[in-house]
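Structure record follows, encoded as structure tokens.
Hydrogens, waters and symmetry mates play no part in the numbers below; they use all other heavy atoms, side chains included. Please read these numbers as outputs of a predicted model, since none were measured by experiment. Convention: sequence-line order gives letters A, B, ...; per-chain numbering from 1.
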Protein chains: 2
Amino acid sequence: MRVEPQRGPGGRDDAAGAVFAALADPTRRQVVRALAERETVTASALAGELPVTRQAVAKHLAALGEAGLVAGERAGRETRYRLTPGPLTDAMAWMVDAGARWDERLARLQGRLGG
Amino acid sequence: MRVEPQRGPGGRDDAAGAVFAALADPTRRQVVRALAERETVTASALAGELPVTRQAVAKHLAALGEAGLVAGERAGRETRYRLTPGPLTDAMAWMVDAGARWDERLARLQGRLGG
DNA sequence: TTCACGCGCAACCCGATGGTTGCACAATAG
DNA sequence: CTATTGTGCAACCATCGGGTTGCGCGTGAA
């Protein structure tokens, strides 16, 4: 699933799809939540508070990285991951575009995602 | 187990997770898109313009229904499905809550989803 | 009544994926 | 140097899930 966050024709859908796929897994959502509160964390530390092994966490972090939601930076012998929630706006734009006609709250957000 | 019905992170996580899982599949996104433009459609008609069989479409519609994104109403011998994008706001709230601290555009949407 | 259309259910196939264990390697601590 | 800690990679397993075919039933048209 190699999806670069590009703005080409259909690129929005790909980016949004990658985000949806990444966030579809509950463990991955827990990872994102933990990352959202600690700002930066290692795979081992994350595995300490989740009911899965470090390798599983590493896989999830890699998956989130593919979607552009997470970036890792090696510092010495540990790798610190941090949240990069930019692609979330692509996913939100997709949803707003799909449902704006039916849901008033969504319609109200129409132009607010661009700037 | 504390279940916060509205504002709790865990409460919306289920609904949001269901939405993410539903929208993770590309065919399902196509179904949503088609539904967003036609307002109401049958499974057979949908299968006519998608590269999958009617049964596959029916499965997808059922999956979308489980997530609360689609509702079907039987009219005579055909079933008309229509988009019910309400749960989308739950998913968007999850994303905003997760990424608001890092992304300025997301932060600006913080209070707008509740009203 | 007869026939075609639309639908739902069930079985089946197979690739994708979340999770595990095991191991080899890099980097800090003693 | 040695021990420890943190990673990354690979193999392996079990389950999930998207897709198909096949069948039986209800409904509407001829």
Side-chain angles (χ1 to χ4, degrees), chain A residues 1-3 13-14 16-35 38-83, chain B residues 13-14 16-35 38-83 91:
Chain A
M1 191 207 297
R2 184 152 296 270
V3 176
D13 183 81
D14 289 345
V19 171
F20 293 144
L23 263 37
D25 184 76
T27 305
R28 227 131 53 201
R29 284 197 301 277
Q30 283 188 325
V31 168
V32 170
R33 275 234 162 272
L35 224 46
R38 300 199 178 199
E39 183 133 359
T40 162
V41 74
T42 69
S44 300
L46 218 40
E49 57 186 286
L50 292 185
V52 291
T53 59
R54 171 189 64 86
Q55 286 86 342
V57 172
K59 278 190 181 180
H60 286 307
L61 286 170
L64 290 167
E66 290 272 330
L69 290 172
V70 151
E73 182 188 4
R74 186 119 198 194
R77 71 174 161 183
E78 61 184 19
T79 302
R80 289 176 193 152
Y81 293 91
R82 68 176 147 58
L83 195 62
Chain B
D13 184 81
D14 291 343
V19 172
F20 293 143
L23 262 39
D25 184 75
T27 305
R28 226 132 52 201
R29 284 197 301 279
Q30 283 188 328
V31 168
V32 170
R33 275 233 164 274
L35 223 46
R38 300 200 177 198
E39 183 132 1
T40 162
V41 76
T42 69
S44 299
L46 219 39
E49 57 185 287
L50 292 185
V52 291
T53 58
R54 170 188 64 87
Q55 287 85 341
V57 173
K59 277 190 182 181
H60 287 307
L61 286 170
L64 290 168
E66 289 272 329
L69 290 172
V70 151
E73 183 187 6
R74 187 118 198 196
R77 71 176 161 183
E78 62 184 18
T79 303
R80 289 178 193 150
Y81 293 91
R82 74 181 180 305
L83 195 62

Atom CG of A/L46 to atom C1' of D/dT5: distance rounded to whole Å?
17 Å
Calculate the interatomic distance between B/E66 atom CD and D/dG18 atom P; express it in whole Å.
12 Å
Does a distance-only test, which skips hydrogens and angles, find a donor-acceptor pair under 3.5 Å between the side chain of A/R77 and the base of D/dT7?
no
Base of D/dG18 paired with side chain of B/R28 (donor-acceptor, under 3.5 Å)
no
Looking at every non-hydrogen atom in both residues, tell me the closest pair between A/G72 and A/Y81 and how far apart they are.
CA-CD2, 3.6 Å
Side-chain donor or acceptor of B/K59 under 3.5 Å from a matching atom on the base of D/dG17?
no
Distance criterion of 3.5 Å, no angle test: do you see the side chain of A/Q55 paired donor-to-acceptor with the base of C/dG18?
no
Taking CD in B/E66 as the centre, count heavy atoms belonging to other residues, nucleotides or ligands within less than 6.0 Å. Is the count above 12?
no
For B/A24 and A/A21, the nearest pair of non-hydrogen atoms, with its separation, is CB-CA, 3.7 Å
Phosphate OP1/OP2 of D/dG19: any B/T27 side-chain N/O under 4.0 Å
yes
Between D/dG18 (P) and B/L23 (CG): distance, integer Å:
12 Å
Whole-Å distance between C/dC5 C1' and B/R80 CZ?
15 Å
Kindly compute the distance separating CD (A/E78) from CD (A/E73), expressed to the nearest 0.5 Å.
11.0 Å
Nearest-neighbour nucleotide for the A/T53 side chain, D/dG18, D/dG6, C/dT21 considered
C/dT21
Would you classify B/T79 as touching base, sugar-phosphate or nothing, given that sugar-phosphate means primed atoms plus P, OP1 and OP2, and contacts are heavy atoms under 4.0 Å?
sugar-phosphate
NE2 of A/H60 versus C1' of D/dG8: gap in Å, rounded?
16 Å
Considering every strand and a 4.0 Å limit on heavy-atom distances, what is the contact class for A/A58: base, sugar-phosphate, or nothing?
nothing
Interatomic distance, A/R54 CZ vs C/dG22 C1' [rounded to whole Å]:
11 Å
Nucleotide C/dG19, atom C1' - distance to CG of A/L61 in whole Å:
15 Å
Taken to the nearest 0.5 Å, the spacing of A/D25 CG from A/Q30 CD works out to 9.0 Å
Counting any heavy atom closer than 4.0 Å, what does A/R74 reach on the DNA or RNA strands: base, sugar-phosphate only, or nothing?
sugar-phosphate
Atom-pair distance (CD on B/E78; C1' on D/dT27), nearest Å
11 Å
